[in-house]
Amino acid sequence: MDHAELTTEQVLKRDIPWETYMTTKLITGTCLQLLRRYDKRSESHRSQLLDDDGPAYVQVFVGILRDIFKEETVEYVLALIDEMLAANPKRARLFHNGTIVDKDIYEPFLRLLWKGNWFIQEKSCKILALIVSARPKPQDGIVANGEASNSKRKITTIDDVLKGLVEWLCAQLKKPSHPSRGIPTAVNCLATLLKEPVVRSSFVQLDGVKLLVPLISPASTQQSIQLLYETCLCIWLLSYYEPAIEYLATSRTLPRLIEVVKSSTKEKVVRVVVLTLRNLLSKGTFGAQMVDLGLPQMVQSLKAQAWSDEDLLEGLNQLEEGLKDNIKKLSSFDKYKQEVLLGHLDWSPMHKDPIFWRENVTNFEENDFQILRVLITILDTSSDPRALAVACFDISQFVQQHPAGRIIVTDLKAKERVMKLMNHENAEVTKNALLCIQRLFLGAKYASFLQA
C-alpha cells in the first residue's frame, strides 16, 4: 500500500499486538488495559471513555508515540488521535490537562513531522496545529507545555513547536511531500496558526508570504476553491501584521486579490478578500493602487449582488467609503505618479492639461527625478503602444515646461530611446516620438510653437 494514499479508515483496520508491547515492557499493564477497553470499540463507547478518562488516554497515546518507532503502530496511534479530534476538536484541550504535566506532549509530533512518511507527516501536522491552538494562555512560572519554568529537564517549548511547524509548512509550500495534498495541508494549517503573532513573525522571516502569493488565483473546482479560500484567509490574517504588509505591497498580491473578487461567486471567498482589501486600504500606497486598478467600480457591482453575509455587506460599505476618501485625497500629481509607477499610462485628462504641467513640473525633481526616470524606462520596457505614446508626450511636456528640461532629459539618455520609437509600427507612437525629438532639438524657446 502506498503510504501517500493511506486513509485513517484503512489504518484503523489493522490489529496491533498490544500484548507483545507489554511483554517487552514498551507499554505498562495499565496502558494495555486502557487500550483493550478503547481499541476497536464503537464511536459512542469510545466517546464515553474519553469523557470519563480523556487525559489518561492522551497520556497513553503520547507515550506510545514517544517510545515505539514501528511505522504501522505510529500510523495507527496517529489515526486514533486524528479520529478522536475529528469527532470533537475541543478534545485538543485534553492534551493540556494538569494530570499529564510530566509528559512532553509536543515532542513526538514535532519529530514525526520530519521523520515519517506522508501519512505520518500530514496527521502530525494536523494534530499539532489543533493542540497548539487549544493550549491555555501561559501564566507566571508556567510555560505553555505545562512544565514549570524552573525545571531542569529540557522540554519542547511552545516557541520550539511553532518555529518547527512554520519551517515544515514553508518547506511544503516550496517542495510538497505529496503532489496534490502537500500544499492544501500546509495552507489549511497556516489558516489556523497565523492567528498567533509569533507564527506571523516566523512566517515572514522565512519568506513565506512569497510562497502564498502565487496561490491567489481564480479557482474552478471545489478543491481549488477551498485552497483559494484558505490562502486568502492567510493573507487576511497577515494583513494585520506590518512586516507582512510591507511584503504584500511589493508583490502582485493586490491585482491578484482584485482578480479573485472579480471572478469569484463563492460568498466566503469574496468576504475574506473584501475584508483583506479593507484592512490594506489605509496602508502605504494601497488605496491609490486600488483606485487605479478600478476597485471603486467593482465595489459598486459587488454591492448590487444579493449577498446574505452581513460581514461582507459591512466590509463593502467600509471599502466604498474608504475608496471615496482616497480619491478625494489624491492630488492630481499623486494620481499621475501612481499611473507612471504602475506603468498604466493612458490619455487621462491631466496629460494634455497645460495647468497640470505648469503647476507640477517642479514635482518631477523629487527623488532625483524618479518619475522622469520611470517614464524613460517605460520607453525601453513597455510593449503597449498607448503607454509608449503617452510616455513620449509626457517627456516632451517636461522638456517644454521645465527650465532645464532639455538638459536633464538629454543627460538621462532619453534622446536615443525616443529616436528608436520614430520607426515604431504604431502611428500614435511615431507621432509623439517625433514631437518629443523636435522639442529636444529646438529647446524650450521654440518648443512652445509645436502642438501635439
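- The closest side-chain donor-acceptor pair between Glu230 and Gln226 falls under 3.5 angstrom.
- Other residues, nucleotides and ligands place more than 12 heavy atoms under 6.0 Å from the NZ atom of Lys268.
- Side chains of Asn360 and Gln401: no donor on one and acceptor on the other come within 3.5 Å.
- By the neighbour-count criterion of 12 heavy atoms within 6.0 Å, atom CD of Gln223 is sparsely surrounded, having that number or fewer from other residues, nucleotides or ligands.
- Side-chain rings of Phe356 and His351 stay apart, their centers remaining 6.0 Å or farther from each other.
- A tilted orientation is assigned to the rings of Trp118 and His178, their planes being inclined by 30° to 60°.
- A donor-acceptor pair under 3.5 Å is absent between the side-chain atoms of Trp357 and the main chain of Gln397, judged by distance alone.
- Taking 4.5 Å as the limit, some side-chain heavy atom of Trp307 sits within range of a side-chain heavy atom of Val270.
- Looking at heavy atoms from C-beta onward, Arg200 lies in side-chain contact with Tyr240 at the 4.5 angstrom threshold.
- More than 12 heavy atoms of other residues, nucleotides or ligands sit less than 6.0 Å from atom NZ of Lys303.
- Atom-to-atom distance recorded for Leu345:CG and Ser382:OG is 7.5 Å, nearest 0.5 angstrom.
- Counting heavy atoms from C-beta outward, Phe286 and Leu277 have side chains that stay 4.5 Å or more apart.
- Phe203 and Tyr241 have their aromatic ring centers separated by at least 6.0 angstrom.
- In this model, a donor atom of one side chain and an acceptor atom of the other lie less than 3.5 Å apart for Thr157 and Asp160.
- In Glu416, the CD atom is crowded: over 12 heavy atoms of neighbouring residues, nucleotides or ligands sit closer than 6.0 Å.
- Atom OG1 of Thr8 is separated from atom NZ of Lys123 by 3.5 Å, given to the nearest 0.5 angstrom.
- The distance between the ring centers of Trp236 and Tyr229 does not fall below 6.0 angstrom.
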Show me the side-chain donor-acceptor pairs of residues 372-380 shorter than 3.5 Å, one per line, residues at least two apart or across chains.
residue, atom, partner, partner atom, Å
Arg373, NE, Asp368, O, 2.8
Arg373, NH2, Asp368, OD2, 3.0
Thr377, OG1, Arg373, O, 2.8
Asp380, OD2, Arg417, NE, 2.7
Asp380, OD2, Arg417, NH2, 3.2

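- With sequence neighbours left out, the side-chain hydrogen bond (donor to acceptor under 3.5 Å, both in side chains) criterion links Glu267 to Ser308.
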